[in-house]
Amino acid sequence: MEGEKMSTAQIGMFVTMVVYLVAMLLMGAAVANRNKTVGDFYIGGRHLGPLVTAMSAEASDMSSYLLMGIPGLAYLSGIADAGWTIIGLAAGTYINWLVTAKRIRRYTEATGSITVPAFFSDRYGDKKNILTFIAAVIIIVFFVPYTASGFAGCGKLFAILFNTNYHTAMIGSAVVIIAYTMLGGFLAASTTDFVQSIVMSAALIIVLVFETMSAGGASAVIGNARGLAGYFSMLHTHNAVTGKAEPYDIVRIISTLAWGLGYFGMPHILLRFMAIEDEKKLSLSRRVATIWVLISMAVSVCIGISGLAMSSNGLIPQLKGSDSETVIIKVSNLLAGHGTIFAVIAGIVLSGILASTMSTADSQLLCASSSVTSDILTKCLHTKIPEKKLMTISRLALVGIGVLGVFLAWNPNSSVFQIVSFAWAGFGGTFGPVMLLALFWKRSNRNGALAGMVSGGIMIFVWKFLVRPLGGAFDIYELLPAFLTALAFDVIVSLLTKAPDKEITDVFEKVGA
């Protein structure tokens, strides 16, 4: 700590978290020698097992929203906001695994694509690689700040817990994430994400059990929440300031459910589908992923409700506004005060928050660096580079993007969740409709895909900064209007321009056979 010594409880938590970070670093080093080609580095040579595919996809998806965002929402306003979010995300997760996963695994193997941008050009016979270039630029634009938000989240966690310097903590966390991803590539990211999903699960269970016991049992927790107007309603939300119930209208419900549309365009999740060793194992992956998402998000909501009961009992402070997102941190501090063993357990809980952030940041680093090297440098600029040298360039590009992320994360007051929300909308609105039509509509062509990608990207910014501030019926999450706009432009432009060549439709039919 700055200016004062750590307590025994803080030392226990700190050591546990440092051990966790070192373990992630060692895991990255352990798989480093398995990266022989750029295909290994970015997609693991398509050798991912079904459990690692499922859990790494969901761990990289959830980010710190699972352990901070959802509990904070439930703590502050009840189950409506968190509940509709969960329905949207769970439905999006399941449908994405059911509809997209097998098709993109089969199609990318047929076209030889190892990245999402490369697939767009390969799918449409785009020899000028215009689609690849635009998609790569979109990934860099949205993923670099998204990665920065992960670094910032880790820095804030250490700064809050141990009163350490934010910049020191943020840089230290970033170095670990960059190092193990650079060493082990996609295999390191996927393996560590699998482990991190287990740590996240353990953190959720430990916190909920401790909260419920401390608050006087489940009946006491439920009784406390029942006394709050609109808290247990899906059609009303609790206003913590006024203490009154407010209507949760249809516009807010549609806007919240729209989060689920983002899955169809998430490059770091689509890569997991592309990397599984056998498409027949995707059914198992789908079941595991969906069950884990549903249970973990439901537990997160319960943590928020139980945390509120602890505040009512005076066990933790009353949390207002964005401070509600620190409920797990407050509970962990209380847990750590019960002795050394409990301090270590609290360290495991807090490592769960680290895990949720790191598992997303490593995947984003890989996607952004692949856009620079594999997509722009190799595919678009047709640069001929020996495989070994290209591996080195890929690692250096990853480090460079990581350093840029550190600079963007320098301001400790930046909003982590606003960045995440905007980037999620960016990928869902630009890639989602284009990906679905590329996989399932034979008449879709390069011009349509280009129009869809560009119009979706423009609509994200137009709706976010010009239309949504008008409020009322326009106060809808920008992902939904961008998704619909991109879908419409892709279909209309495809129908108005020349049909795809037979060579392209033959591959489409072969994949669908």
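Residue numbers count from 1 along this sequence.
- Between the side chain of S113 and the backbone N or O of E109, no donor-acceptor pair lies under 3.5 Å.
- The pair D475-R252 does not count as a salt bridge, with every side-chain nitrogen at least 4.0 angstrom from each carboxylate oxygen.
- No side-chain heavy atom of T360 sits less than 4.5 Å from a side-chain heavy atom of D61.
- You'll find the ring centres of Y107 and F119 inside the 6.0 Å limit.
- Judged purely by atom type and a 3.5 angstrom limit, S255 uses its side chain to pair as donor or acceptor with the backbone of Y477.
- Under the 4.5 Å side-chain criterion, counting only non-hydrogen atoms from C-beta, S300 is not in contact with L67.
- The two residues F431 and A135 come nearest to each other via the heavy atoms CZ-O, 3.4 Å.
- With values rounded to the nearest 0.5 angstrom, F120 atom CZ is found 11.0 Å from I134 atom CD1.
- Between R395 and L183, the shortest heavy-atom contact is NH2-O, 3.0 Å.
- Ring to ring, F422 and F461 are close: their centroids are under 6.0 angstrom apart.
- Judged purely by atom type and a 3.5 angstrom limit, R105 has no side-chain atom pairing as donor or acceptor with the backbone of D278.
- Here the side chain of N129 pairs no donor or acceptor atom with the backbone of T132 at under 3.5 angstrom.
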Stepwise ring pair (Phe, Tyr, Trp, His ring centres under 6.0 Å) test for Y166 and F158: CA-CA 7 Å; Y166 164 78; F158 278 101; over 10 Å; no
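- Looking only at distances, no side-chain donor or acceptor of T326 sits under 3.5 Å from a matching main-chain atom of I329.
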Steps toward side chain to side chain contact (heavy atoms under 4.5 Å, CB included) verdict (V116, M435): CA-CA 9 Å; V116 170; M435 178 60 74; 3.9 Å; yes
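- Using a 4.0 Å cut-off between a side-chain N of Lys or Arg and a carboxylate O of Asp or Glu, R272 and D193 qualify as a salt bridge.
- Rounding to the nearest 0.5 Å gives a distance of 8.0 Å between CG of L294 and OG1 of T93.
- Residue-environment remark: CZ (F474) stays at or below the threshold of 12 foreign heavy atoms within 6.0 Å.
- Inter-residue side-chain proximity for R286 and L98 is flagged as met; some heavy-atom pair is nearer than 4.5 Å.
- With values rounded to the nearest 0.5 angstrom, S56 atom OG is found 10.5 Å from L187 atom CG.
- Between W259 and S421, the closest side-chain pair of non-hydrogen atoms falls below 4.5 Å.
- Judged by distance alone, the side chain of H167 and the main-chain N or O of W410 form a donor-acceptor pair under 3.5 Å.
- Nearest heavy-atom pair, I86 versus A298, reported as atom, atom and distance to 0.1 Å: CD1-N, 4.3 Å.
- In this structure, W424 has its ring center no closer than 6.0 Å to that of F142.
- P71 and L66 get closest at one heavy-atom pair: CD-O, 3.3 Å.
- For the side-chain contact (heavy atoms from CB on, under 4.5 Å) test with F41, the passing option among L390, I114, L398 is L398; the others fail.
- The only option from I401, L404, I376 that meets the side-chain contact (heavy atoms from CB on, under 4.5 Å) definition with I140 turns out to be I376.
- Enclosure of atom CZ in F133 is not indicated, since only 12 or fewer non-hydrogen atoms of other residues, nucleotides or ligands lie within 6.0 angstrom.
- By the neighbour-count criterion of 12 heavy atoms within 6.0 Å, atom OH of Y42 is densely surrounded, having more than that number from other residues, nucleotides or ligands.
- A distance of 11.5 Å separates CG in L479 from CG in L257, rounded to the nearest 0.5 Å.
- Within a 6.0 Å radius of CD in E503, other residues, nucleotides and ligands contribute 12 heavy atoms or fewer.
- Not less than 6.0 angstrom separates the ring centroid of F427 from the ring centroid of Y146.
- The backbone N or O of S356 sits less than 3.5 Å from a side-chain atom of S359, completing a donor-acceptor pair.
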Steps toward salt bridge (Lys or Arg N to Asp or Glu O under 4.0 Å) verdict (D506, K502): CA-CA 6 Å; D506 283 348; K502 186 176 183 300; 2.9 Å; yes
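- With contacts defined as side-chain heavy-atom distances shorter than 4.5 Å, the pair V299/I205 does not qualify.
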Test side chain to side chain contact (heavy atoms under 4.5 Å, CB included) applied to V406 and M170, step by step: CA-CA 8 Å; V406 167; M170 183 269 290; 4.0 Å; yes
R123 and D126: CA distance, side-chain angles, deciding distance, salt bridge (Lys or Arg N to Asp or Glu O under 4.0 Å) verdict: CA-CA 8 Å; R123 157 69 175 89; D126 175 24; over 6 Å; no
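- Counting only distance, with no hydrogens or angles, the side chain of T378 and the backbone of D375 share no donor-acceptor pair below 3.5 Å.
- The shortest side-chain heavy-atom distance between K379 and D122 falls under the 4.5 Å cut-off.
- Considering CG of L436 and CZ of F440, their distance stands at 7.0 Å, rounded to 0.5 Å.
- Enclosure of atom CZ in R106 by more than 12 non-hydrogen atoms of other residues, nucleotides or ligands within 6.0 angstrom is indicated.
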Step-by-step side chain to side chain contact (heavy atoms under 4.5 Å, CB included) determination, Q196 to Y20: CA-CA 10 Å; Q196 286 170 162; Y20 172 76; 2.6 Å; yes
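- Formation of a donor-acceptor pair under 3.5 Å by the W97 side chain with backbone atoms of A54 is not found in this model.
- The shortest distance between side-chain heavy atoms of M358 and T192 does not fall below 4.5 Å.
- When all heavy atoms are compared, the tightest approach of S444 to S494 is CA-OG, 3.7 Å.
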Derivation and outcome, side-chain hydrogen bond (donor to acceptor under 3.5 Å, both in side chains), residues Y124 and N447: CA-CA 9 Å; Y124 292 111; N447 295 326; over 6 Å; no
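- In this structure, S455 contributes its side chain and G452 its backbone to a donor-acceptor pair below 3.5 Å.
- For the pair A482 and I460, the tightest heavy-atom approach, listed with the atom from each and the gap, is CB-CD1, 3.4 Å.
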Pair I476-R468, side chain to side chain contact (heavy atoms under 4.5 Å, CB included): steps then yes or no: CA-CA 7 Å; I476 291 176; R468 194 172 185 184; 5.8 Å; no
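- With contacts defined as side-chain heavy-atom distances shorter than 4.5 Å, the pair S173/F151 does not qualify.
- Both the sub-6.0 Å distance and the 45° axial angle are satisfied by R103 relative to the ring of F508.
- In this structure, the separation between CG on L366 and OG on S374 is 11.5 Å, given to the nearest 0.5 Å.
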